[in-house]
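A short worksheet on the structure shown next.
All heavy atoms count here, side chains included; hydrogens, waters and symmetry mates do not.
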Amino acid sequence: MKALARTTSAVDTARLGIMLGELRLPTIKTVWPRFAEQADKEGWPAARFLAALAEHELAERDRRRIERHLAEARLPPGKTLDGFDFAAVPMLSKAQVMAVAAGDAWLAQGANLLLFGPPGGGKSHLAAAIGLALVEAGFKVLFTRTTDLVQKLQVARRDLGLEAAISRLDRFDLLILDDLAYVTKDQAETSVLFELISARYECRSLMITANQPFGEWGRIFPDPAMTLAAVDRLVHHATIFEMNVESYRRRTALDRKRGPGRPPTRATIKTADA
């Protein structure tokens with residue numbers, strides 16, 4: 001009888017592995033023997049056993065989904081909110097940035113986020129860090145240099161596939177366009193950029209970094225009417241971060257050039273007569 005029971009158990013175990021594979025429950029397929037052994041030893045109710053298995057399956061699915069979304073996002077590595085120097089950008093509210101990084105309210109509305117400031121002020125770092133936080137929160141993000149995406153859209157237009165190419169970008173809750181100002185003032189380039197902005201208006205969110213304020217966007221869009229229309233669509237539902245600070249790269253270079261300075265132990269002591 002014991003031999004028969006062992007045989008039956010082995011058959012059931014094999015069948016269970018096959019069925020869990022067909023049901024696409026790979027985590028449960030891997031962990032259930034360990035949990036079953038623990039449940040037998042500790043006398044778990046059936047509901048607790050099943051809940052533990054389901055919890056691990058869901059957690060692993062979340063992890064795999066975030067991994068996929070991170071690969072798709074193409075975020076520059078190493079850019080996190082923890083690593084962003086908020087003290088160097090005193091006009092920026094850390095609390096507001098953290099609220100934006102939660103993402104659920106403004107992304108649901110198709111609102112935009114616009115980051116302005118001179119080169120080297122941390123705009124790209126902040127944009128990528130917010131993008132990373134949103135991916136970790138379950139949203140789909142794509143980070144791209146504006147010129148790279150515009151060139152791809154131009155190719156799609158040439159092949160009569162611009163509308164389909166823009167529609168494929170709808171799967172991203174947020175599209176981060178880095179360095180908008182580097183788009184050349186060319187009718188072909190700026191027209192596809194305008195069509196992208198128009199297509200996502202009030203449907204899907206954009207985050208844009210730009211060195212130039214709105215008043216200078218005439219350098220990007222050759223048609224003044226197109227400039228006004230683009231700005232109007234972007235700011236209608238938008239949060240704007242002004243980051244008008246000295247270039248971080250320039251500050252770092254100057255600090256290296258100056259060196260560490262004279263150590264305190266060698267400092268000149270001032271007297272009252274000095």
For this session: Work out which heavy atom in F194 is nearest to a heavy atom in A230; give both atom names and the distance.
Result: CE1-N, 3.7 Å
Exercise. Are L177 and M207 close enough, and set up right, to give a side chain to side chain contact (heavy atoms under 4.5 Å, CB included), and what steps lead you there?
Worked result: CA-CA 6 Å; L177 302 181; M207 186 192 306; over 6 Å; no
Under 3.5 Å donor-acceptor pairs involving side-chain atoms of residues 166-176, not counting sequence neighbours:
from : atom 1 : to   : atom 2 : distance (Å)
S167 : OG     : E163 : O      : 2.9
R171 : NH1    : E72  : OE2    : 3.1
D173 : OD2    : K140 : N      : 2.8

Problem set entry | N211 to P118 - nearest heavy-atom pair and separation | OD1-C, 4.2 Å
Using a 3.5 Å cut-off and no angle test, enumerate the donor-acceptor pairs between side-chain atoms of residues 94-111 and protein atoms at least two apart in sequence or in another chain.
from : atom 1 : to   : atom 2 : distance (Å)
W106 : NE1    : V100 : O      : 2.8

Exercise. Between the side chain of W217 and the main-chain N/O of Q212, is any donor-acceptor distance below 3.5 Å?
Worked result: yes
Problem set entry | Backbone N/O of D179 and side chain of T209: donor-acceptor pair under 3.5 Å | yes
Seminar exercise, completed: Value for CG (L70) from CD1 (I66), rounded to nearest 0.5 Å, stands at 7.0 Å
Problem set entry | Pairs meeting criterion salt bridge (Lys or Arg N to Asp or Glu O under 4.0 Å) with involvement of residues 21-36, two or more places apart | none
For this session: Could you pull out the closest heavy-atom pair between A52 and W44, with the gap in Å?
Result: CB-CZ3, 4.2 Å
Exercise. Any side-chain heavy-atom pair from L115 and I208 closer than 4.5 angstrom?
Worked result: no
Exercise. Would one find more than 12 heavy atoms of other residues, nucleotides or ligands at under 6.0 Å from atom CZ of R64?
Worked result: yes
Problem set entry | Transitive ILVMFWY side-chain link I240 to L206, under 4.5 Å | yes
Exercise. Side chains of Q151 and V155: does their closest heavy-atom pair fall under 4.5 Å?
Worked result: no
Exercise. For R145, does the CZ atom sit with more than 12 other heavy atoms under 6.0 Å from it, leaving out its own atoms?
Worked result: no
Exercise. Same cluster or not: are I130 and F86 linked, directly or through other Ile, Leu, Val, Met, Phe, Trp or Tyr residues, by side-chain heavy atoms under 4.5 angstrom apart?
Worked result: yes
For this session: Would you please indicate yes or no on a ring centroid separation below 6.0 angstrom for F35 and W32?
Result: no
Exercise. Between atom CZ of R68 and atom CZ of R63, what is the distance when rounded to the nearest 0.5 Å?
Worked result: 10.5 Å
For this session: Give a yes or no answer on whether the side chain of R233 reaches the backbone of A229 with a donor-acceptor pair at less than 3.5 Å.
Result: yes
Problem set entry | Value rounded to 0.5 Å, distance of CG in D232 from CD1 in I197 | 11.5 Å
Seminar exercise, completed: Smallest heavy-atom separation, H69 atom then V135 atom, equals CB-CG1, 3.8 Å
Exercise. Any luck finding a side-chain donor-acceptor pair between Y201 and H237 under 3.5 Å?
Worked result: no
Exercise. Any side-chain heavy-atom pair from T190 and T227 closer than 4.5 angstrom?
Worked result: no
For this session: Give the C-alpha distance, both sets of side-chain angles, the deciding distance and a yes or no for side chain to side chain contact (heavy atoms under 4.5 Å, CB included) between I28 and H56.
Result: CA-CA 7 Å; I28 292 179; H56 277 70; over 6 Å; no
Problem set entry | Spacing of E57 atom CD and D62 atom CG [to the nearest 0.5 Å] | 10.5 Å
Exercise. Does any non-hydrogen side-chain atom of L132 lie less than 4.5 Å from one of V141?
Worked result: no
Problem set entry | Expected output: side-chain K123 to main-chain G117 donor-acceptor under 3.5 Å | yes
Seminar exercise, completed: In short, A128 meets L75 closest at the heavy-atom pair O-CD2, 3.8 Å
Exercise. Nearest 0.5 Å, what's the CG-CG distance between L53 and L58?
Worked result: 11.0 Å
Exercise. If you group Ile, Leu, Val, Met, Phe, Trp and Tyr by side-chain heavy-atom gaps below 4.5 Å, do I18 and V31 land in one group?
Worked result: no
Exercise. Are the side chains of S205 and L113 in touch, meaning some heavy atoms are under 4.5 Å apart?
Worked result: no
Problem set entry | Heavy-atom check, side chain of R200 versus side chain of C203, under 4.5 Å | no
Problem set entry | Residue pair R61 / T27, side-chain donor-acceptor N/O under 3.5 Å | no
Problem set entry | Side-chain heavy-atom pair E242, P213 within 4.5 angstrom cut-off | no
Exercise. Got a donor-acceptor contact below 3.5 angstrom from the H125 side chain to the D85 backbone?
Worked result: no
Problem set entry | V235 reachable from L196 in the ILVMFWY side-chain graph, under 4.5 Å edges | yes
For this session: Give a yes or no answer on whether the side chain of N112 reaches the backbone of A238 with a donor-acceptor pair at less than 3.5 Å.
Result: no
Exercise. Would you say M91 and L126 are hydrophobically clustered, going by side-chain heavy atoms of ILVMFWY under 4.5 Å?
Worked result: yes
Exercise. What are the two closest non-hydrogen atoms of G122 and F84, and how far apart are they?
Worked result: O-CE1, 3.5 Å
